[in-house]
Amino acid sequence: MGHSSASASIQLVSLIILSGILSLETIKFGFCSDDHNVRCIDIERKALLKLKQGLTDPFDRLSSWVGEDCCKWSGVGCNNITGRVNMLDLRNRYSYGLDGYGSIKHAFGGEINPSLLVLKDLDYLDLSMNYFEGVQLPSFIGSLEKLKYLNLSRAYFVGVIPPTLGNLSRLLYLDLSNFLFPNPIETDLQWLATLSSLKYLNLEGVDLTKATPYWLPTVNMLPSLVELHLPLCGLSILPLTLPSINFTSLLVLDLSDNDFKSTIPPWLFNHTELQMLDLAYNSLTGKLPDSLGYLKSLRYLILTANSLSGIIPECLGELSSLVSLDISYNTWEGAITEAHFSKLGGLREVSIANDPPNISLVFNISSDWIPPFKLRYLDIRSCQLGPKFPTWLRNQTELTTVVLNNARISDTIPDWFCQLDLQFDILNVAHNQLSGRVPNSLRFSYDSSVDFTSNRFEGPLPLWSSNITWLYLRDNLFSGPIPHNIGQVMPNLTRLDISRNSLSGSIPLSIGNLSQLHFMLMSNNLLFGEIPHFWNNIPSLYIVDMSNNSLSGTIPRSLGSFTSLRVLFLSSNNFSGEVPSLKNCTNLKILDLGDNKFFGPIPAFIGESMLSLKILSLRSNSFIGSIPLQLCGLSTLHILDFSHNNLSGNIPHCIGNLNGFKFEVKDMDTESYGYLGRLEVVSKGRVLVYDSILYLVNSVDLSDNNLSGEMPVGITSLIKLGTLNLSMNHLTGNIPADIGNLGWIESLDLSMNKLSGSIPQSMVSLTFLNHLNLSYNNLSGKIPTGNQFKTFVDPSIYEGNAGLSGCPLPTGCQDNEGAPQVPSGDGGEDDDSKLEKLQFIISMVIGFCAGFWGVFGTLAMKRSWRHAYFHFLDKVKDAVFDFVSAIGTYLQKRS
């Protein structure tokens, strides 16, 4: 078994360095050409110069392409005997990470000149990581018949993969991977079967939907195939059967990020030499079969984010070559025991997670178990590890990543864990019940992340290494002041979340040293004092949340200098003064200054500069003046709250321009929030707190001001509006006749105004409406009937309107054929139902009295009947007693 595994590993390594072998040979040829006095062929030199003319080269990477000997040019390799060009490596090596795209500013663009066809001996061509945006993948490449290596990956080619590639019968390595959404390159794979020598195939991100019915039989015709990468290809059919398996040399299979909905097919487990299997991010169902244990050579098993369920089989412990196991985000159940890891001595990475909040997988492992492996990476989420901190980690001295998230651990961090002297890249024990003080002795490597969110840690805020960049301590019991030297001790923080604790005191000036900070989250503490003037030192700030504290003073003017700022929560404090200019915050998406003591007019710059604003809350302040017309330019706004201020004038007629209330928010739009925070919204007559679904709320609240004039007709065009509250103002005129256009409205409050006229009949079509308040206006006429109005049976909805009639009001209700019959939480009872209930109660009382006195009254007045009745009861009692005694004696004898 060990020899087989080693042999397979050697084959895999040989594949990885295949391009290197070809490259080294060609470079050798180039260097040796001087010794043999061989120079490049002139016709090929001219062909390369034509290629150069067609390319854009912003970084001048082809500056060496001068002179007569093209074999010495950068990226060009020649045969050292014939002088013919056999290698062209124009890969953009200035890439964003190992798997990322190349840096565009260093990338070639333009067109690929067909002059390449002159290079008859070309067997290696690499144009990857460049930027040929909008350029069709060249079909003439299929005429370069000696090609063995072709890499056009991540180069932004478009269109259809030319079928002429099927002519490249010598091809060993083919990489056409791309990620061009929504218009990826595509192919039907009809050309693939003729590439019988192919060992490596990568079509990641290529649209293979046309080949869905037959992609597997086509690939199965490649007998030499060793690596197959088809992630993100739009495939939806994973055949469960394969009559015969021809690609028996397969070592690497990556089918991740497709749309497979079947079970894992049995034929997969016949590839006993398979070293990597990646089926992540599909919709695979069913259980893991016991035949998984046949894959003895498997080193990487990745089944992340499917719909797999059931018990994890113990045959997993038979995969003795396994190095990395990732079965996260499925719906596992049952228990994990020592048997699941019995032979996994080489295991280095483990990720096991259930879809939260489901915790149906339990780690049933003995406290004295010593694992056979030494992990570097451990990620366990939404599984039951607790209640004790897992003691089987005692010998895991090589860990760099530890994630024990939502694991039902109710314990302290043990001393032995600190004594392991680990150096963490990631330490995440969030969403448990861990308590006590956090050890200060923990060590962290550069650019590390710490997440202790939602536990019961107490004491002062811990100060660790300057290497930490992400620090999440939210929702614990930390108390005392924020350490005054936090900016000196941890100067590299980019994310700081200390919200929802009991921290007190003022915000330390040293926070100004956190020059790389992106997230500053301090909400829901006991902080007081003024905000320091350190903002100019933090130029990349993205999110600021200081809500729900006792901070005071004015907003520093320097806070308005951030063009990067996306979210600003300062609500529920004691800030005062006028709002300073924030017009440079042009990318702001959420602005919440509610529940403070701000005064003065609402700044017009909000509507002029913050055109990306989605949420604007200025509720419960002392703003005066009219609502600026400039706010009508906020086309993405979907929450507007100016309630409980002293605003006057008319509601702007241009309110209909707020297009954010006309369209449904898609999931992809939520990415722009990044952080939603918590926001109070008055809806359905009560205060609701939204956080994770804040992007779904569409609300306009202008209540409790001094607004006057008529309701603007434009408000009826906000068809996705869910809550509209204009109560407690001085609005006059009629309710707009087209208010029935607000088809998504759930809560409508127009109470305590001076509205007149009738209730528009179009309101009957508001079928989502479940809270209505029209009280204390001057409305008149009949109350509409039908649909939701049948459920509005509480008279207080309409009270204070002397001219209204119809149910549920007593006036005119008896003549209303559409009298409501459906009770609701908002409703009361009409007079007929009250009378029926009273009659029912009276009849019950009379019946009870007649029955009671009919029996017991007679016994009380007639002595002979009374004696006979109680004598009968005595007889019954004696008979029951004798029966029970007889049964007891019988059972005693049997025993």
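Heavy-atom basis, side chains included; hydrogens, waters and symmetry copies ignored.
When all heavy atoms of Asn698 and Lys720 are compared, the closest pair comes out as ND2-O, 2.9 Å. Taking both residues in full, the closest heavy atoms of Leu393 and Trp416 are given as C-CZ3, 3.8 Å, listed atom of the first, atom of the second, then distance. Closest non-hydrogen pair, Lys597 versus Asn621, comes out as N-OD1, 3.2 Å.
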For this session: Applying side chain to side chain donor-acceptor pair (under 3.5 Å), run through Thr401 and Asp425 and close with a yes or a no.
Result: CA-CA 6 Å; Thr401 293; Asp425 295 323; 4.5 Å; no
For this session: Given side chain to side chain contact (heavy atoms under 4.5 Å, CB included), test Leu442 with Phe424 step by step and report yes or no.
Result: CA-CA 8 Å; Leu442 298 174; Phe424 298 103; 4.2 Å; yes
Problem set entry | Step-by-step side chain to side chain donor-acceptor pair (under 3.5 Å) determination, Ser454 to Asp475 | CA-CA 5 Å; Ser454 295; Asp475 193 17; 2.9 Å; yes
Problem set entry | Candidate pair Trp464 and Phe452, rule ring pair (Phe, Tyr, Trp, His ring centres under 6.0 Å), full reasoning | CA-CA 13 Å; Trp464 288 302; Phe452 284 11; 5.6 Å; yes
For this session: Decide side chain to side chain donor-acceptor pair (under 3.5 Å) for Trp470 and Thr494; before the verdict, give the C-alpha distance in whole Å, the side-chain angles of both, and the deciding distance to 0.1 Å.
Result: CA-CA 6 Å; Trp470 289 14; Thr494 60; 3.2 Å; yes
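A donor-acceptor pair under 3.5 Å links the side-chain atoms of Asp641 to the main chain of Ser643, judged by distance alone. For the pair Asn548 (side chain) and Asn573 (backbone), a donor-acceptor distance under 3.5 Å is absent. For Asn753 (side chain) and Asn729 (main-chain N/O), a donor-acceptor pair under 3.5 Å exists by modelled atom type. Side-chain atoms of Asn773 do not come within 3.5 Å of backbone N or O of Asp749 as any donor-acceptor pair. A donor-acceptor contact shorter than 3.5 Å links the side chain of Ser510 to the backbone of His484. The closest donor-acceptor contact from the side chain of Ser506 to the backbone of Leu527 lies at 3.5 Å or more, if one exists at all. Within the 3.5 Å criterion, the main-chain N or O of Arg376 finds a donor-acceptor partner in the side chain of Thr400. Using a distance-only test at 3.5 Å, with no hydrogens or angles considered, no donor-acceptor pair links the side chain of Asn395 to the main chain of Thr397. Distance alone, capped at 3.5 Å, is enough to place a donor-acceptor pair between the Asn476 side chain and the Asn455 backbone. For Ser571 (side chain) and Ser547 (main-chain N/O), no donor-acceptor pair under 3.5 Å exists by modelled atom type.
Side-chain contact between Leu461 and Leu473: present, with at least one pair of heavy atoms (C-beta onward) separated by less than 4.5 Å. The shortest distance between side-chain heavy atoms of Asn432 and Asn406 does not fall below 4.5 Å. With a 4.5 Å cut-off on side-chain heavy atoms, Val402 and Ile426 do not count as touching. A heavy-atom distance below 4.5 Å is not found between the side chains of Thr554 and Pro580. A heavy-atom distance below 4.5 Å is found between the side chains of Ile498 and Leu503. For the pair Ile409/Val429, no side-chain contact is recorded, criterion being any heavy-atom separation below 4.5 Å from C-beta on. Residues Phe519 and Leu541 form no side-chain contact, since every pair of their non-hydrogen atoms from C-beta on lies 4.5 Å or further apart. Side chains of Asn537 and Asn513 form no contact here, defined as non-hydrogen atoms less than 4.5 Å apart.
No salt bridge links Arg619 with Asp701; every basic N to acidic carboxylate O contact stays at or beyond 4.0 Å. In summary, Arg495 and Asp497 do not engage in a salt bridge, as defined by a charged side-chain N under 4.0 Å from a carboxylate O.
With no hydrogens or angles considered, no side-chain donor-acceptor pair links Asn405 and His431 at under 3.5 Å. Between Asn584 and Thr563, the side chains place no donor N or O within less than 3.5 Å of an acceptor N or O (distance only, hydrogens not considered).
Between Phe598 and Phe575, the ring planes are parallel. Angles under 30° get that label, and only those over 60° would be called perpendicular. The aromatic rings of Phe457 and Phe478 sit parallel, their planes meeting at an angle under 30°, below the 60° perpendicular limit.
Taking the six-membered ring wherever Trp is involved, the centroid distance between the rings of Phe417 and Trp392 does not fall below 6.0 Å.
The line from OG of Ser410 to CG of Leu434 is 7.5 Å long, rounded to the nearest 0.5 Å. Atoms CD1 and CG, on Ile590 and Leu568 in that order, are 10.0 Å from each other to the nearest 0.5 Å. Between atom CG of residue Leu616 and atom CG of residue Leu631 there is a gap of 6.5 Å, rounded to the nearest 0.5 Å.
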